[in-house]
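Remember, it's a predicted structure, so these values are computed and weren't measured experimentally. Starting from 1, each residue takes its place in the sequence as its number. The figures that follow rest on heavy atoms only: side chains count, while hydrogens, waters and symmetry mates do not.
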Amino acid sequence: MASIGQTVNPTSGSDALSRARQRAALMPDCLVEAKRIANTVIAGWHGRRKRGIGENFWQFRPYAEGESLSRIDWRRSARDDHTYVREREWEAAHTIWLWCDMSPSMMYKSSYGSVSKESRALVVMLALAEILARSGERIGCPGIMEPASTRNAAERLAAALVHAPLTGGLPETGMIRGWSDLVLIGDFLDDAPAIMERLGPLARRGLHGHVVEISDPAEEIFPYSGRTEFTDPETGTKLISGRAEHIREAYRSAYLARRESLGQSLRHLGWTFTTHRTDHLASEALVAVHMYLSGMPAKATHGGLL
């Protein structure tokens, strides 16, 4: 993922065209796989509850600056150091924004992973669009597709992604209003503070966010040894290590610390954070996000729910 607030030098015309063709070629297979996974998962799903103006209790969430004080649940807030708002259910259609990082770092695939990070992220996003569309939700993609309630949302989203610009980093979110859910899928390799600088204001606007971190197994276990050359896919910067095994523990500590910091910061905002490795089933990440969107706590599995 490109550094937030910075841009990566654009590729040459031929490289950009090649990248666009790769994405177009990848999309049909991803759509077919997404529909297969969606059909498997949706079999035992009986609809989503929705938050809004109603009579039944939905959930507690952190108070957002600017909201009416009358909405604060003081009894729940008295239990700890945070201020909470009581939300109720609603029967109306809901707007859910889906976004998938398609910057160069997502193209990575090691011999330990079954697919590239980009392919897995696309499958999870399209499968989620398929399931949500069947329940009548309005599906959109920031800067790529306006929200729409249609049964073929997954196909429309796939077609829009084929023609989407080759950009990295988090999406522009000015068009997103409160009382929406935002699902972000990517590798989120930037420093946690830089990511939270962008996501924090969204939470304060009342958006409910769900972040899915996609990782390749090699990025976690660092299996390299001996003289190894590492290349930054975003900038082309190279690093040569004479004995890569000597930096394994330091690398893993830094990698996991970044993940833990990001997860804690997101949970503090009332958002959810799910980790998913490409050597696991795509349905694991899909089910986790489903449960979060439905207001149910996701159970920890070897898929890496945090």
Report task. Answer with yes or no whether the hydrophobic clustering places Ile221 together with Val115; edges join I, L, V, M, F, W, Y residues whose side-chain heavy atoms lie under 4.5 Å apart. Result -> no

Requested in this report: Go through the steps for Met102 and Leu161 under the test side chain to side chain contact (heavy atoms under 4.5 Å, CB included), then give the verdict.
Outcome: CA-CA 10 Å; Met102 291 185 288; Leu161 289 169; 3.6 Å; yes

Query raised in the report: Closest approach of Pro233 and Pro104, non-hydrogen atoms and distance?
Result: O-CB, 3.4 Å

Report summary line: To the nearest 0.5 Å, atom NE2 of His276 lies from atom CD1 of Ile185 at 10.0 Å

Report summary line: When rounded to the nearest 0.5 Å, the distance separating CD of Glu130 from CE of Met125 is 13.5 Å

Query raised in the report: Aromatic rings Phe230 and Phe222: how do their planes relate, parallel, tilted or perpendicular, breaks at 30° and 60°?
Result: parallel

**Report entry** Note: Lys117-Asp187 ion pair, threshold 4.0 Å (strictly below)
**Finding:** yes

Query raised in the report: Do Pro142 and Ile176 come within less than 4.5 Å of each other through their side chains, counting heavy atoms only?
Result: yes

Report summary line: Nearest heavy-atom approach of Ala153 to Ala133 is CB-CB, 3.6 Å

Query - Inter-residue atom distance Ile195.CD1 - Leu262.CG, 0.5 Å rounding - result: 5.0 Å

Requested in this report: Inspect the contact between Arg277 and Glu213 and indicate whether a charged nitrogen and a carboxylate oxygen are less than 4.0 angstrom apart.
Outcome: no

Requested in this report: Please name the pair of heavy atoms, one in Ser149 and one in Gly136, separated by the smallest distance, quoted to 0.1 Å.
Outcome: OG-O, 3.2 Å

Requested in this report: Report, as yes or no, whether the 6.0 Å neighbourhood of atom CD on Glu172 holds more than 12 heavy atoms from other residues, nucleotides or ligands.
Outcome: no

Query raised in the report: Crowded around His82 NE2? As in, over 12 foreign heavy atoms under 6.0 Å?
Result: yes

Query raised in the report: Is there a donor-acceptor contact under 3.5 Å from the side chain of Ser253 to the main chain of Glu249?
Result: yes

**Report entry** Approximate separation, where rounding is to 0.5 Å, of Leu189 CG and Tyr108 OH
**Finding:** 11.5 Å

Query raised in the report: Does a donor on one side chain sit under 3.5 Å from an acceptor on the other, for Ser110 and Asp216?
Result: yes

Query raised in the report: Looking only at heavy atoms, which two atoms of Glu155 and Leu31 are closest? And how far apart?
Result: CG-CD2, 4.0 Å

Report task. Could you tell me whether the side chain of Leu170 reaches within less than 4.5 Å of the side chain of Phe188, counting heavy atoms only? Result -> yes

Query raised in the report: At what distance, to the nearest 0.5 angstrom, does SG of Cys141 lie from CZ of Arg156?
Result: 12.5 Å

Report summary line: Ile72 and Ser77 have their tightest heavy-atom pair at CG2-OG, 3.8 Å

Requested in this report: Could you tell me which non-hydrogen atom of Thr231 sits nearest to which non-hydrogen atom of Gly236, and how far apart they are?
Outcome: CG2-O, 4.1 Å

Report task. To the nearest 0.5 angstrom, please state how far the CZ atom of Phe273 sits from the CD atom of Gln264. Result -> 10.5 Å

Report task. Treat each ILVMFWY residue as a node, draw an edge where side-chain heavy atoms are under 4.5 Å apart, and state whether Val32 and Leu281 are in one component. Result -> no

Query raised in the report: Is atom CZ of Arg76 surrounded by more than 12 heavy atoms (other residues, nucleotides or ligands) closer than 6.0 Å?
Result: yes

Query raised in the report: Just checking, Arg259 and Tyr255: is the charged tip under 6.0 Å from the six-membered ring centre and within 45° of the axis?
Result: no

Query raised in the report: Would you say the side chain of Tyr251 lies within less than 4.5 Å of the side chain of Glu219, judging by non-hydrogen atoms?
Result: yes

Requested in this report: Report yes if the side chains of Val211 and Trp271 come closer than 4.5 Å at any heavy-atom pair, otherwise no.
Outcome: yes

**Report entry** Salt-bridge present (Arg36, Glu33; N to O < 4.0 Å)
**Finding:** yes

Requested in this report: Check step by step if side chain to side chain contact (heavy atoms under 4.5 Å, CB included) holds for Arg151 and Arg134.
Outcome: CA-CA 6 Å; Arg151 294 282 292 182; Arg134 294 187 189 185; 3.6 Å; yes

Query raised in the report: Transitively linked via ILVMFWY side-chain contacts under 4.5 Å: Ile214 with Tyr112?
Result: no

